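One structure below.
For this chain, numbers begin at 1 and follow the sequence in order. Note: hydrogens, waters and symmetry copies are ignored here, and every other heavy atom, side chains too, is used. These numbers come from a predicted model, not from an experiment.
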Amino acid sequence: MESQLVLEATAYEQQKLRFRTTDDRIMAARKLRKFILDLNEIYKNTKDAALMDLMKKLTEKKRKVEKRLKGRAT
């Protein structure tokens with residue numbers, strides 16, 4: 001299960017994210033958040049540096065999606 005989660009998260013991190021609608025962005029942010037939290041639970045037990053790097057990449061991607069969701073401050 002752990003390796004499957006890592007493979008799914010890695011594949012999602014590597015794919016180019018294109019969103020047509022706001023709903024797509026919301027779903028992507030939620031999916032990224034779930035990946036990050038699940039990987040964090042595994043990281044707590046293993047302390048694997050590769051997992052930490054993957055979580056950092058996913059967090060960066062999630063921030064970009066959330067930034068796009070919030071829009072510009074006026």
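- Applying the side-chain hydrogen bond (donor to acceptor under 3.5 Å, both in side chains) rule to Lys62 yields the partners Glu66; only residues at least two apart in sequence or on another chain are considered.
- With sequence neighbours excluded, the residues forming a salt bridge (charged side-chain N to carboxylate O under 4.0 Å, His left out) with Lys64 are Glu60, listed by chain and number.
- Partners of Asp24 by side-chain hydrogen bond (donor to acceptor under 3.5 Å, both in side chains), not counting sequence neighbours, listed by chain and number: Thr21.
- Every residue meeting the side-chain hydrogen bond (donor to acceptor under 3.5 Å, both in side chains) condition with Lys34, not counting sequence neighbours, appears here in chain and number order: Asp38.
- Atom-to-atom distance recorded for Thr46:OG1 and Met52:CE is 9.5 Å, nearest 0.5 angstrom.
- Judged as a ring pair (Phe, Tyr, Trp, His ring centres under 6.0 Å), the pairs with a partner in residues 32-60 (not counting sequence neighbours) are, in order, Tyr12-Phe35.
- Taken to the nearest 0.5 Å, the CG atom of Leu37 stands 11.0 Å off from the CG atom of Leu32.
- The CD1 atom of Ile36 sits 12.5 Å away from the CG atom of Leu51 when rounded to the nearest 0.5 Å.
- For the pairing with Thr10, the side-chain contact (heavy atoms from CB on, under 4.5 Å) check across Leu58, Leu54, Leu5 returns one residue only, Leu54.
- No more than 12 heavy atoms of other residues, nucleotides or ligands lie within 6.0 Å of CZ in Arg33, so this atom counts as exposed by the packing criterion.
- Of the candidates Lys70, Lys31, Arg25, Arg25 is the only one forming a side-chain contact (heavy atoms from CB on, under 4.5 Å) with Val65.
- Gln15 and Lys61 get closest at one heavy-atom pair: O-NZ, 2.9 Å.
- Legend: residues meeting side-chain hydrogen bond (donor to acceptor under 3.5 Å, both in side chains) with Glu8, ordered by chain and number and at least two apart, are Gln4.
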